[in-house]
Amino acid sequence: MIEAKIVAEQQNQWKQAAAEAAAKLIESGMVVGLGSGSTAKFFVDALSARVASEGLKISGIPTSGATEAQARALKIPLTTFAECQQIDLTVDGADEVKLGSLDLIKGHGGALLREKIVASASKRMVIVADETKIVERLGLLVSVPVEVVQYGWEVTQLKLKSLGARPKMRMISEGKPYVTDGGNYIFHCNYGPLNDPKETAHHLDHVVGAVEHGLFLGFATKVIVGGRDGVKVYEKS
Ligand code: A5P
């Protein structure tokens, strides 16, 4: 128990170190995509400190209600896609990162749809993570979350099963499904380590009733990783 607490504390320090390094990449005039999850939360903290102390002039586009609330509380100016359709740089976390391709699994914080919309509108996407997220193959540590519209979810679940996944509905508590900011359900699809993430993504892209999935292939341009040897930066190879 105590050991688990120490590991979690250390992991948080690594996340924070990566997030603070990413905050240094932000320049005045940028439209910044604000990711979701605990590592992105450290980034938003660090960014707000720069806005307050250096007068950095930026506008943020949050990827979730939680990030929006944090940014508002920290007085980070926000904008919307109605006003601005291109983001200069997005900083977000990830659940798994494959070095080399910088392909990712994201969405275990429950915000994958908005995260992918923001990523797809971004010129650059920087991922902040601690070293425990680095994998040889996607799917090694976590399942692939899939966001599914509520209507007919039973049919969509069967379709996901037929693709070889073991879909499990994300729940808040017994009998109470988790509902995303967009009003959808999430199914965690456990495939195990993926041989061909592109093929899996292609199949998931064509499931009627599935709005988006957590395979983020080809989006990240840089990954900043905090770990026992300090902060390391990886570019796409
Ligand atoms: C949110 O939906 C996710 O994509 C997060 O970015 C991801 O789960 C990483 O979260 P942590 O930074 O909390 O580990």
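Just so you know, ligand 1 is whichever comes first in the structure, and atom 1 is the first atom listed for that ligand.
Among protein heavy atoms, atom 12 (O) of ligand 1 sits closest to T39 OG1, 2.5 Å. Considering only non-hydrogen protein atoms, atom 14 (O) of ligand 1 sits nearest to K133 NZ, 2.7 Å. Among all protein heavy atoms, the one lying closest to atom 8 (O) of ligand 1 is D95 OD1, 2.6 Å.
Counting the atoms of ligand 1 from 1 in the order shown, those under 4.0 Å from a heavy atom of A94 are 6 (O), 7 (C), 9 (C). When each atom of ligand 1 is checked for a heavy atom of K106 under 4.0 Å away, the hits are 3 (C), 4 (O), 5 (C), 6 (O). Contact atoms of ligand 1 toward D92: 6 (O) (distance under 4.0 Å to a heavy atom of the residue). Listed by number with element, the atoms of ligand 1 under 4.0 Å from a non-hydrogen atom of G110 are 2 (O). Near G93, the atoms of ligand 1 lying under 4.0 angstrom from a non-hydrogen atom of the residue are 6 (O). For ligand 1, the atoms lying closer than 4.0 Å to a non-hydrogen atom of G107 are 2 (O), 3 (C), 4 (O).
D45 and Q70 are linked by a side-chain donor-acceptor pair at a separation below 3.5 angstrom, with hydrogens and angles left out of the test. For the residue pair T79 / S59, no side-chain donor-acceptor distance below 3.5 Å is found, with atom types taken as modelled.
Side chain of K116 to backbone of L215: a donor-acceptor contact under 3.5 angstrom is found.
Ligand 1 has no N or O atom lying under 3.5 Å from any N or O atom of A40, backbone or side chain.
Remark: among candidates S38, A19, A111, the nearest residue to atom 2 (O) of ligand 1 is A111, based on non-hydrogen atoms. In this comparison of G109, G37, S36, G35, the heavy atom closest to atom 6 (O) of ligand 1 sits on S36. Between R114, Q11, E115, E96, it is E115 that holds the heavy atom closest to atom 3 (C) of ligand 1.
The pair E20-K24 fails the salt-bridge criterion, with no side-chain N (NZ, NE, NH1 or NH2) lying under 4.0 Å from an Asp/Glu carboxylate O. Salt-bridge formation is not detected for the pair K133/E96: no Lys NZ or Arg NE/NH1/NH2 atom is positioned less than 4.0 Å from an Asp or Glu carboxylate oxygen.
Connection of V231 to V128 is established within a shared hydrophobic cluster, with ILVMFWY side chains joined at heavy-atom distances below 4.5 Å, either directly or through further cluster members.
A distance of 9.0 Å separates CZ in F43 from CD1 in I224, rounded to the nearest 0.5 Å. The distance from the CD atom of E115 to the CG atom of L104 is 10.0 Å, given to the nearest 0.5 Å.
Taking the six-membered ring for Trp and thresholds of 30 and 60 degrees, H188 and H108 have nearly parallel ring planes, at less than 30 degrees apart.
Results of the side-chain contact (heavy atoms from CB on, under 4.5 Å) test with I26 over L89, D88, V126 single out L89 as the only residue that passes.
At least one heavy atom of K15 sits closer than 4.0 Å to an atom of ligand 1.
Heavy atoms of S64 found under 4.0 angstrom from ligand 1: none, in either backbone or side chain.
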